[in-house]
Peer 1: 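One structure, pasted below without further comment.
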Amino acid sequence: MKAQYLKFAKKLIILLAIMFVVDRGLGSIIQYYFENEPLGDAAAFAHAINNPTEDVLIYGSSRAVHTYDTKIITDSLGLSAYNCGRNGSNVVYGSAILPGALEGSHKPKLIIIDIVSKEIAWRSNKDGGDVLASMILPYVLTNEHFEELAMDLFPKELYKAKVSKLYAYNSQVLSIIRNYSRKDNDNINGYQPLPGSKIINPPQEYTADRDGIDEFSKERLEYFIKTVQDNHIPLVAVLSPMYTKPFEDNESIRVCKQVFAEHNIELWDYASDPKYVQKDLFYDVNHLNTKGAEMFTREIMSRIKQEGILKQ
Amino acid sequence: MVFNSLIFVAFFIIVTSLFFILPHKYRWGLLLAASCYFYMYFLPVYILILGFTIVVDYFAGIYIAQSEGKKRKLFLVLSLIANIGVLAFFKYYNFLNHNITLVLGEFSYQNPIPHLDILLPVGLSFHTFQAMSYTIEVYRGHQKPEKHFGIYALYVMFYPQLVAGPIERPQNILHQFYEEKQFNYDRVVQGLRIMLWGFVKKLIVADRVGIYVDAVYNNAHYHSGISMMMATFFFAFQVYCDFSGYSDIAIGAAKVMGYDLMTNFRRPLFNSKSIQELWQRWHISLTTWFRDYLYFSLGGSRKGVIVSLLNLVIVFAVSGLWHGANYTFIIWGLLNGLYIAIERLLNPALRKLHKLLGVTSNFFRKISVFFIVLVTAIFFRAANVDDAFYIVKSIFTIKPGGFYKGEPPTAFNYSLFAVALLIIVEHIQENYPDFRVINNNNVVIRYTAYVLLMTLLLSIGVFNGGQFIYFQF
């Protein structure tokens with residue numbers, strides 16, 4: 001029987017050794033291509049993470065990504081702009097990438113943060129936590145802010161990513177192939193327009209989620225605001241339009257407004273602004289389409305100018 | 001504890017190592033303690049429920065064997081009442097109470113029975129059925145009563161199959177706990193291979209396609225008929241790979257230690273040529289349980305065609321209810337019962353049709369069975385009956401709207417890849433059994449297959465610790 005144990009141990013060690021070499025080798029190849037993507041999401045995220053040098057920076061979720069047209073911002077304000085938003089993210093992600101924008105000698109002149117209705121209830125939704133982990137893991141090996149964040153939020157995931165490089169780049173291969181093979185760029189300084197509309201039904205009731213407030217997300221929101229203010233950068237907070245019937249603030253929105261108010265910032269609430277609740281302005285219930293985004297970006301720019309925010 | 005977690009990996013290594021280190025006489029104790037820990041990892045207090053039914057059935061088995069006539073039957077009935085009572089209370093109390101409220105409400109009466117916030121113990125239906133199979137088999141004289149309390153407790157609690165089966169029979173597993181197991185290299189490797197494939201099914205297929213399915217089914221009103229069709233197609237693979245993946249991991253983990261659990265799935269999707277065959281390939285341990293203990297008890301096919309068909313429908317309806325206290329499951333069970341009854345009635349005509357179709361017959365039969373699986377799957381997955389009918393209507397009327405490709409869009413391609421991988425591998429396993437990859441005699445091919453599967457797991461597996469669907473049953 002001892003011979004059987006030894007045979008098993010020997011073969012297991014050989015298999016693990018091969019797997020280690022394959023993991024490091026393939027993982028390094030994926031890492032190289034991931035970090036050097038010429039076009040597409042990863043390239044945009046990499047820019048947003050690694051010291052974006054534009055004057056106006058926008059943070060938020062997919063609603064930010066598809067709403068704030070950077071070209072219109074540049075035309076309106078005469079300042080360069082970059083949309084640092086990311087699909088499926090919330091302020092936890094935004095607060096992790098914010099230091100990258102403040103590290104160099106060039107400081108942004110304006111920061112816009114787009115809040116979603118579940119902004120600080122978001123992480124209490126387990127799926128949300130998984131999405132955040134999958135966003136952060138590819139950067140934990142190279143970015144210390146993300147490593148710290150992962151240590152706070154998903155220490156086990158961080159350890160797994162350190163053990164296996166393939167795991168750190170889990171689910172990235174197809175998007176890398178896609179981004180290397182594409183010829184056109186639908187990403188205009190981080191802004192991704194959504195042409196057309198998938199809306200069929202009239203606006204529905206907003207079903208307020210019953211998630212409690214996620215204290216960690218709330219802390220990160222406070223950190224975000226404080227960091228921006230400590231750097232003397234004007235901050236505009238917006239709740240952009242949703243394709244829904246008018247609704248009362250849920251707890252997340254209520255607490256967000258309170259946190260902003262404590263820092264003397266008004267949350268510009270367009271959530272159910274009747275002027276935007278039209279089929280032809282939305283791509284789906286959560287995202288404005290190209291036409292809606294253009295109209296909304298213009299309104300925000302005009303309000304920024306009207307309120308003299310850039311002069312503060 | 002779920003199989004797809006790091007804690008399970010550590011647990012498995014420690015328990016298996018200790019199992020082979022310890023002398024045979026202590027192994028049952030180790031496995032029982034490990035099984036208790038495994039179960040208590042979910043919610044410790046529920047071990048008491050398990051303990052209660054174990055004590056009742058242990059003594060019931062002994063008393064049944066010692067008694068005769070009506071007394072014998074009485075002990076069986078008492079054991080069944082205890083098991084079904086626990087199951088009914090935890091699983092069906094609120095469902096029944098809700099329905100009483102609805103009925104009384106129709107007559108403007110208030111229901112005085114309170115709603116209880118009960119959390120369903122994990123895998124309750126599985127271990128209850130396994131426990132019942134023991135007392136029934138003792139009553140039928142097919143199994144001697146187990147005198148060793150620890151071994152009996154282990155029969156119910158053996159950790160690999162404790163929370164999601166396979167639902168074992170005492171004749172198959174009890175005697176194995178008395179056999180002295182040796183470390184056998186071939187057996188250990190075979191078990192690990194089965195586990196590896198189980199993880200592939202769960203993490204690469206089930207949890208991957210599950211992301212798309214959840215996105216569509218949880219927001220059905222916002223999605224088009226085509227998207228719902230796609231989600232239903234994926235769900236068939238999700239539920240199959242989730243459950244058969246669990247069974248594979250359970251069977252593999254047991255095999256590593258030298259125990260043989262019964263086969264639970266035999267590649268039912270795209271290989272079943274009739275609904276009957278589908279149920280001979282799908283969740284075999286449950287199907288045979290219902291056949292042996294309910295269908296035959298109702299008279300099986302001995303009382304004529306009509307009664308036999310009616311029995312089938314009843315058995316499947318009960319099977320639906322076994323899956324969950326929701327009308328969706330009952331409809332799912334009824335639909336399966338009706339399909340199988342209709343199939344039996346139409347058998348002579350179907351045989352002629354198959355002859356007409358010639359060599360293409362098998363293809364059409366497999367496709368039509370798969371289509372039927374999809375229709376029933378809608379009821380299995382939908383949150384409630386209204387949603388289920390809405391989805392059926394949306395699919396058959398091809399509700400307009402764009403095609404949802406998932407978020408991010410590449411996620412959809414991973415799902416397609418995962419399903420294609422499964423179909424190809426299962427097609428080869430079914431039709432070319434001599435074509436070996438993971439168990440090839442050539443070491444290079446074998447190791448390449450191991451490394452490829454592990455690379456796929458690490459690079460496209462979904463590691464969110466998602467629960468197995470069947471845990472809720």
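Letters A, B, ... are given to chains in the order of the sequence lines, protein chains preceding strands, and every chain is numbered from 1.
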Peer 1: For A/V173, which atoms come within 4.5 Å of any heavy atom of chain B: side chain, backbone, both, or neither?
Peer 2: both
Peer 1: Can you tell me how far the CG atom of B/L458 sits from the CE atom of A/M19, to the nearest 0.5 Å?
Peer 2: 5.0 Å
Peer 1: Before giving the answer on side-chain contact (heavy atoms from CB on, under 4.5 Å), spell out for B/R208 and A/S171 the whole-Å C-alpha distance, their side-chain angles and the decisive distance to 0.1 Å.
Peer 2: CA-CA 10 Å; B/R208 173 64 65 182; A/S171 303; 2.7 Å; yes
Peer 1: Answer yes or no: does atom OH of A/Y32 have more than 12 heavy-atom neighbours from other residues, nucleotides or ligands under 6.0 Å?
Peer 2: no
Peer 1: Atom NE2 of B/H223 and atom CG of A/D284: how far apart are they, to the nearest 0.5 Å?
Peer 2: 9.0 Å
Peer 1: Check side-chain contact (heavy atoms from CB on, under 4.5 Å) between A/L26 and all other residues, then give those that pass, not counting sequence neighbours.
Peer 2: A/V22, A/L166, B/T455
Peer 1: Non-hydrogen atoms of chain B under 4.5 Å away: do they reach the side chain of A/K165, the backbone, both or neither?
Peer 2: neither
Peer 1: Examine distances only and state if a side-chain atom of B/Y450 and a backbone atom of A/L15 form a donor-acceptor pair shorter than 3.5 Å.
Peer 2: no
Peer 1: Would you mind checking which part of B/F20 comes under 4.5 Å of any heavy atom in chain A, side chain (CB onward), backbone (N, CA, C, O), both or neither?
Peer 2: both
Peer 1: Can you tell me how far the OH atom of B/Y414 sits from the CG atom of A/L174, to the nearest 0.5 Å?
Peer 2: 4.0 Å
Peer 1: Taking side chain as everything from C-beta outward and backbone as N, CA, C, O, which of these in B/R187 sits under 4.5 Å from a heavy atom of chain A? Side chain, backbone, both or neither.
Peer 2: neither
Peer 1: Please classify the contact of A/E157 with chain B as side chain, backbone, both or neither, using a heavy-atom distance under 4.5 Å.
Peer 2: side chain
Peer 1: In Å and rounded to the nearest 0.5 Å, what is the OG to CG distance from A/S164 to B/L457?
Peer 2: 10.5 Å
Peer 1: Any idea how A/F8 and B/F183 line up, ring-wise: parallel (<30°), tilted (30 to 60°), or perpendicular (>60°)?
Peer 2: perpendicular
Peer 1: What do you reckon, is OH of B/Y26 surrounded by more than 12 foreign heavy atoms closer than 6.0 Å?
Peer 2: no
Peer 1: Going through the distances and angles, do A/Y159 and B/L6 end up as a side-chain contact (heavy atoms from CB on, under 4.5 Å)?
Peer 2: CA-CA 11 Å; A/Y159 297 137; B/L6 271 185; over 6 Å; no
Peer 1: Should we count OH of B/Y185 as having more than 12 external heavy atoms under 6.0 Å?
Peer 2: yes
Peer 1: Got a sec: does the NZ of A/K279 have more than 12 other heavy atoms crowding it under 6.0 Å?
Peer 2: yes
Peer 1: Please classify the contact between B/V451 and chain A as side chain, backbone, both or neither, with a heavy-atom cut-off of under 4.5 Å.
Peer 2: both
